[in-house]
Amino acid sequence: MEKIEMVDLKGQYRKIENQVNDSVLKTIYSTNFINGPQVKNFQKHLESYLNVKHVIPCANGTDALQIALMAIGLKPGDEVITPNFTYASTVEVILLLGLTPVLVDIDIESFNIDISAIERAITKKTKAIIPVHLFGQPAFMSEIINIAKENKLYVIEDNAQSLGANYTYKDGLKKKAGTIGHIGTTSFFPSKNLGAYGDGGAIFTEDDDLANTLRGIVNHGMYKRYYHDLVGVNSRLDSIQASILDIKLNYLDDYNKSRNDAASKYTERLKNHSYILTPFSTGEYDSHVFHQYTLRILNGKRDKLAKYLNERDIPFGIYYPVPLHLQKAYKSDRYKESYFKVTNKVVQQVISLPMHTELADDQIDFITDTVKEFLD
Ligand SMILES: *Cc1c(COP(=O)(O)O)cnc(C)c1O
């Protein structure tokens with residue numbers, strides 16, 4: 001058995017090594033390092049993959065969220081609702097822009113933002129909702145869009161973890177996660193489902209005016225060189241990363257299928273155990289692209305299990321150990337602990353097993369046998 005990695009970027013690279021090396025060298029020889037044709041090509045290919053009118057590449061997934069919020073023109077004090085159980089980027093950019101984050105609880109099965117918690121959190125100052133499609137599974141978008149319409153709110157989807165996932169409406173219509181709200185954002189951090197060999201990100205929208213604003217903001221508010229119409233930032237996807245991503249995009253569906261296959265094998269071996277809850281999937285209403293394969297451990301021994309795995313050289317992740325409302329940087333007296341019953345519980349229970357595109361059956365067997373050996 002090969003050594004188990006949490007994310008096997010080397011194994012994935014080996015399979016596309018020649019193509020990637022050729023493409024990177026071509027970009028270097030061209031010396032079009034900034035906004036070269038590679039960026040435009042990747043943009044076009046991602047637009048057609050996602051079936052979305054506009055993709056605006058940028059430097060990383062956190063910038064993508066910040067730029068999305070800048071583009072909808074909120075004022076300091078405006079409130080933005082976002083889940084309490086996610087990576088810190090969402091709350092961080094809300095605060096950086098002088099906006100007020102309103103963190104809400106999650107749904108216990110999917111780990112995604114809880115619909116009734118959104119409804120309870122809406123005030124006159126609420127201007128936007130940022131659902132996060134966590135761990136590879138789209139949030140409850142139909143309900144979120146309905147709430148947003150009723151209350152005239154913007155919806156920005158943080159799709160850093162679910163690129164390629166489909167959201168299926170009740171009538172059968174499918175859309176790619178990230179293309180449903182007013183704006184969607186993603187990250188090409190190396191371990192993401194579509195990972196660059198460095199940082200990268202992108203913003204999606206169907207709306208021509210928003211696209212125009214977003215394109216300005218990513219490039220210092222310039223539409224014509226040295227004429228600044230908007231206050232912007234410098235946030236570009238560099239040409240070398242774009243040339244790598246353009247190749248890897250061809251494999252995104254295969255990568256997501258490999259993740260799904262690994263997830264099915266994990267679930268097959270771990271289901272029906274009294275102390276293990278395997279990931280929930282809303283089945284016919286969405287697809288899951290398993291950015292993470294996250295279990296809930298129900299007997300209170302999650303940390304002991306983690307130690308046991310560690311001693312046997314099995315990597316794991318605890319995403320996320322501390323809810324955002326308890327982080328030093330984001331504390332606020334608007335929150336009561338009773339608002340976060342689900343998050344406060346799941347942070348004690350979750351553990352993510354190795355998940356990537358190169359997992360072998362013997363590795364999955366060893367991991368699941370070890371988990372069960374400890375819990376039985
Ligand atoms: C990775 C991630 C981000 C941030 O992406 P970067 O490219 O690292 O800035 C934002 N939100 C979520 C949910 C993420 O997983």
Side-chain angles (χ1 to χ4, degrees), residues 6-7 9 42 46 55-70 80-97 101 103-104 106-107 110-113 128-139 141 144 155-165 177-178 180-181 183-204 217-218 233-238 241-242 244-245 248 255-256 259 288-294 317-324 327 329-330 343 346-347 350 352 355-356:
M6 189 67 191
V7 180
L9 296 179
F42 172 61
L46 189 56
V55 165
I56 297 98
C58 67
N60 59 68
T62 308
D63 275 8
L65 285 161
Q66 178 180 330
I67 294 159
L69 280 170
M70 290 170 76
V80 180
I81 296 174
T82 197
N84 189 29
F85 183 66
T86 177
Y87 189 58
S89 297
T90 37
V91 61
E92 188 175 41
V93 298
I94 293 166
L95 285 164
L96 274 172
L97 294 174
L103 296 168
V104 301
I106 54 163
D107 164 58
S110 65
F111 303 123
N112 278 322
I113 193 165
I129 308 170
I130 309 184
V132 181
H133 304 310
L134 202 72
F135 299 156
Q137 182 160 244
M141 288 309 293
I144 292 170
V155 176
I156 299 171
E157 298 168 71
D158 179 350
N159 195 31
Q161 299 191 1
S162 300
L163 199 68
I180 301 160
I183 304 180
T185 65
T186 202
S187 162
F188 305 120
F189 185 83
S191 64
K192 298 286 157 85
N193 291 37
L194 179 60
Y197 293 178
D199 277 308
I203 310 165
F204 326 129
I217 294 172
V218 297
V233 294
N234 172 13
S235 184
R236 293 179 291 234
L237 179 67
D238 77 62
Q241 296 306 336
I244 296 165
L245 288 166
K248 291 189 71 182
Y255 291 158
N256 285 340
R259 290 172 177 274
H288 199 316
V289 292
F290 289 98
H291 177 60
Q292 300 296 347
Y293 184 87
T294 303
I318 308 284
Y319 310 113
Y320 294 90
V322 182
L324 292 176
Q327 299 282 355
Y330 318 132
T343 306
V346 301
V347 293
V350 286
S352 301
M355 176 48 79
H356 52 79

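Predicted, not measured: the structure shown is a model, and the values here were computed from it. Excluded from the calculations below are hydrogen atoms, water molecules and symmetry mates; all remaining heavy atoms, backbone and side chain alike, are included. Remember, it's 1-based here, ligands and their atoms both numbered in the order they're listed.
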Do me a favour and list the nearest non-hydrogen protein atom to [atom] with residue, atom name and distance?
atom                    : answer
atom 9 (O) of ligand 1  : Thr62 OG1, 2.5 Å
atom 13 (C) of ligand 1 : Asp158 OD2, 3.4 Å
atom 10 (C) of ligand 1 : Ser89 OG, 3.4 Å
atom 1 (C) of ligand 1  : Lys192 NZ, 1.4 Å

Could you tell me whether some N/O pair between [X] and ligand 1 is separated by less than 3.5 angstrom?
X      : value
Tyr320 : no
Phe189 : no
Asp63  : no
Gln161 : yes

If we ignore hydrogens and angles and just use 3.5 Å, is the side chain of [X] paired with the main-chain N or O of [Y] as donor and acceptor?
X      : Y      : value
Ser162 : Gly136 : yes
Asn112 : Pro138 : yes
Glu157 : Gly178 : yes
Thr186 : Asn159 : yes

About how many Å separate OG of Ser89 and CG of Asn60, when rounded to the nearest 0.5 Å?
->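 The distance works out to 8.0 Å.
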Go through the steps for His133 and Gln161 under the test side-chain hydrogen bond (donor to acceptor under 3.5 Å, both in side chains), then give the verdict.
-> CA-CA 6 Å; His133 304 310; Gln161 299 191 1; over 6 Å; no
Distance flag, aromatic centroids of Phe111 and Phe135, threshold under 6.0 Å |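 Phe135 vs Phe111: aromatic centres under 6.0 Å.
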For ligand 1, which atoms have a heavy atom of Asn60 less than 4.0 angstrom away?
-> 7 (O), 9 (O)
Should the proximity of Thr90 to ligand 1, defined as any heavy atom under 4.0 Å, be assigned to the side chain, the backbone, both, or neither?
->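 Contact part for Thr90 vs ligand 1: neither.
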